[in-house]
Each structure stands twice: as structure tokens, then as C-alpha cells.
Amino acid sequence: MPLMTQLRELFPSKWSLFIFIAYMALFINQGLLVTATKKEDNSYSYNSVTVVLLAEVTKLFMSSLIYLQEHKWRVQDLLEDICTHRRALLYYTVPAGLYCVYNILTFTNLAAFDPTTYFLLLQLRVVVTGVTFQVLFKKKLTSRQWLSLLLLTVGCIIKQLNTGPASASSSDWLRGIFSFNIIPILVQVFCSCFAGVYNEYLLKHQAVEVHIMLQNMFLYVDSIVAATLALWLRGQLGTALTGEALRSILHPAVLAIVLNNACIGIVTCFFLHSLNSILKTFASALELMFTAVLCWLIFGIPVYLNTVVAIAVVSVAICVYSQQPVRNPPATAVHTAPNPEQAQSLVQQI
């Protein structure tokens, strides 16, 4: 199949291709920004909890601005829409709660596993996403699509295998896997997959009549409430809102992390609306590869043979998938993504 035909199969419009590239670029940029703000002892000079909360507030603010811009700054329209579709606020408590549990378990599992084992086990979400997608959308994936997902999983696992001089023995991480510590990480994998696919389901089916930016606002309000409640229960809310914590983020690089994170939230919404969760797993795998190469070029972090092999395997997985990509358009054409002229205007505003 010619390359242009494969691209048209994967990306039915220029807008969807733009969103795919923007999604990867923003996530890669996030990884580089966070790496750049690390100190020599791998700690941070800012409060990460404060950064997360501020990013969620920024996402809510940006979604509100985009909505109001499309409605000629009529606040009354926003208030009426909120009242009309207030039930959707309840729908988004599910993905918001799951994302909150995922974030909490990140710290729990990194304490139980070394980073290599942790990221290796997270690659289970590729296959789990495929299963969840089938169940929620009642779309059976073909053997070719499953083959591409399995190849993608293998490529990601190869990338996470530590082949450098400080690599741990296989018996060390195998002992870690076959223990009770595997339960929290399986919960984290499920939360990540189900939240993403369920968010796509809301965007395209359950809440399809709701404006896409209003859906975003509902999600971020629920996320802020869930994160605040979780921090309060863990006794960490006070540390996130102290004067010292707020002053620590007043640095250009840290503010860039907040803004970039907020843009990721907006673009992810468009990604799930224009494309689907399956293609999102491929984008995440490509981010992993590009980030490794860019970290080598910018920060001098070594790239080992496993990264090269992983890039080759992921490339094959993408070629296999492009022969028969998943189709999952919205239930109706209501509140679709903006046209290229509107998109350019939104990007300039952001």
C-alpha cells in the first residue's frame, strides 16, 4: 500500500494529523522540560503537587476561554450550557477519579519497583486498552490490529529493558514482579486504560451533544475536586498551598511545564474526539522513542542497543496497524473539531 494511502487511512483529515503530531510534540516537550528542571540529586526545586493542581486549573481556564471565544464571549451561553448539561458533570467523575487514583499509585509503585521494572510493567496498558476498547465500544479488533498492538507492547518492553552498565539482573526484577506489589500496578494500568477509553466514549457517544470544551471543563472541575480531596485525605494539601510552594513555581521553566501540561489536556481531548484510544497508544510509544533520542542529543543520556531495536519493532507495528486501522467516529457530527482556520486561531490564542 502506498505511503500516502496509508497516511489517509490513519488520518482521515489534515486536522487529525495535526492533532497527532501536536499530541506527541507536547508530551515529548513535557518530558524534556521536567528533565531540565531536575537537580543533580534528581530532586526538584519546586513542589510537584502545586504544579499538578495549577496545571488542572490552567486547563479549566483555557477550556473556558476557547468556549467563550467560539460563542463571541457570551458568558450567558456558558451558564445556560452548564445548567442544561449538568448531568455530564457526574459522568466525568469516573475518569477524573480514575486519573486521580493513577497519579497516587505512581508514587506508590515507584517506591515498590525500580523505574525500569515500573515502566516495563506499565506497557501492559497497550493490550488492556485494546480489550477495554472492544468491551466499551463493542468493536472487535481484527487479528492484524491485535498483532500490531502486541508488536507495540514488545517494542515498548524492549525499550524499557536496562542494558546499560547499571542494569539489574533479571532475577531481581522478576522477584519484584511475582509479589503482592504487582496488584497496585495492575490497578494503575486498569485506571489508565479505562479512564482513557471511557473519556473517548463520553466524547463520542454518552455526552456527544455537549460542546467539546464544556466536556473538558466538567472533566477538569472533577479532577481538581478529586485531587484536592485525595491530597487532604493524605495530609498533603497544606504543603501544596504554602507561600513557599507557590513561590517555587515562579520560574520560567516551571511555568512552561504548567502551560505545556495544560495544552496536553486540550490536545488530548481533540485527539480522542478526532482519532481513538488505540492510535493514542501508538503515539505514546513513539513519544517514548523520540524522547530517548532527544535526551541523548540534548542531555547526553546514553542510547543503548535496546532503544534502536525497540524503534525498529515499533516501526513494524505501525506499518502493520496502518494496513487496517481502527475506525471509531463520533455518534453524530455535533460539536466536531474546528476547521483549519479556527484551529490556527485557537493555537495563536494558546
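Count residues from 1 along the sequence.
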In Å, rounded to the nearest 0.5 Å, how long is the span from [atom1] of [X] to [atom2] of [Y]?
X: Ile66; Y: Ile266; atom1: CD1; atom2: CD1; result: 5.0 Å
X: Phe190; Y: Ile185; atom1: CZ; atom2: CD1; result: 15.5 Å
X: Leu78; Y: His211; atom1: CG; atom2: NE2; result: 10.0 Å
X: Leu229; Y: Ile224; atom1: CG; atom2: CD1; result: 13.5 Å
X: Asn199; Y: Tyr99; atom1: CG; atom2: OH; result: 5.0 Å
X: Ile212; Y: Ser274; atom1: CD1; atom2: OG; result: 6.5 Å

Linking I/L/V/M/F/W/Y whenever their side-chain heavy atoms sit closer than 4.5 Å, directly or via other members, would [X] and [Y] fall into one cluster?
X: Leu79; Y: Val221; answer: yes
X: Leu250; Y: Val258; answer: no
X: Leu272; Y: Ile21; answer: yes
X: Leu219; Y: Val57; answer: yes
X: Leu32; Y: Leu297; answer: yes

- Task: Could you tell me how the ring of His205 sits relative to the ring of Tyr201: parallel (under 30°), tilted (30 to 60°) or perpendicular (over 60°)?
- Result: parallel
- Message: Check the orientation of Tyr23 and Phe271. Use parallel for under 30°, tilted for 30 to 60°, and perpendicular for over 60°.
- Response: tilted
- Let me see the working for Phe270 and Trp15 under side chain to side chain contact (heavy atoms under 4.5 Å, CB included), right down to the final yes or no. CA-CA 10 Å; Phe270 282 131; Trp15 169 253; 3.8 Å; yes
Sub-4.5 Å side-chain heavy-atom contact between [X] and [Y]:
X: Leu202; Y: Tyr198; value: yes
X: Asn261; Y: Gln30; value: yes
X: Val126; Y: Phe282; value: no
X: Tyr220; Y: Met62; value: no
X: Asn276; Y: Lys204; value: yes
X: Val293; Y: Ile311; value: yes
X: Leu65; Y: Trp73; value: yes
X: Ile82; Y: Met217; value: no

- Single hit among Thr268, Leu275, Thr129 for side-chain contact (heavy atoms from CB on, under 4.5 Å) with Lys280: Thr268
- Please say which of Leu147, Leu279, Leu149 ends up in a side-chain contact (heavy atoms from CB on, under 4.5 Å) with Tyr321. Leu279
- Task: May I ask you to say whether Arg247 pairs ionically with Glu244, meaning some side-chain N is under 4.0 Å from a carboxylate O?
- Result: no
Nearest heavy-atom pair of [X] and [Y]: which atoms, and what distance?
X: Pro302; Y: Trp296; answer: CA-CD1, 4.4 Å
X: Ala227; Y: Leu53; answer: CB-CD2, 4.0 Å
X: Glu56; Y: Ser223; answer: OE1-CB, 3.5 Å
X: Cys100; Y: Ala230; answer: SG-CB, 3.6 Å
X: Val313; Y: Leu151; answer: CG1-O, 3.3 Å
X: Leu152; Y: Ala317; answer: N-CB, 3.7 Å

Do [X] side-chain atoms and [Y] backbone N/O form a donor-acceptor pair below 3.5 Å?
X: Ser192; Y: Gln188; result: no
X: Gln324; Y: Arg144; result: no
X: Asn260; Y: Leu26; result: yes
X: His71; Y: Tyr67; result: yes
X: Lys59; Y: Asn216; result: no

- Check the pair Tyr91, Val210 against side chain to side chain contact (heavy atoms under 4.5 Å, CB included), reporting the backbone distance first and the verdict last. CA-CA 12 Å; Tyr91 296 156; Val210 184; over 6 Å; no
- Under 3.5 Å, is there a donor-acceptor pair linking the side chains of His273 and Gln215?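 Absent: no donor and acceptor within the cut-off.
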- Between Val254 and Ser248, is a side chain to side chain contact (heavy atoms under 4.5 Å, CB included) present by the stated rule, with each step listed? CA-CA 8 Å; Val254 181; Ser248 70; over 6 Å; no
- Count the heavy atoms belonging to other residues, nucleotides or ligands that lie under 6.0 Å from CZ of Arg86, then report whether that count exceeds 12.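 Counting neighbours around CZ of Arg86, 12 or fewer heavy atoms of other residues, nucleotides or ligands fall under 6.0 Å, so no.
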- Query: Stepwise, does the side chain to side chain contact (heavy atoms under 4.5 Å, CB included) test hold for Leu214 with His85?
  - Reply: CA-CA 9 Å; Leu214 186 59; His85 302 293; 4.2 Å; yes
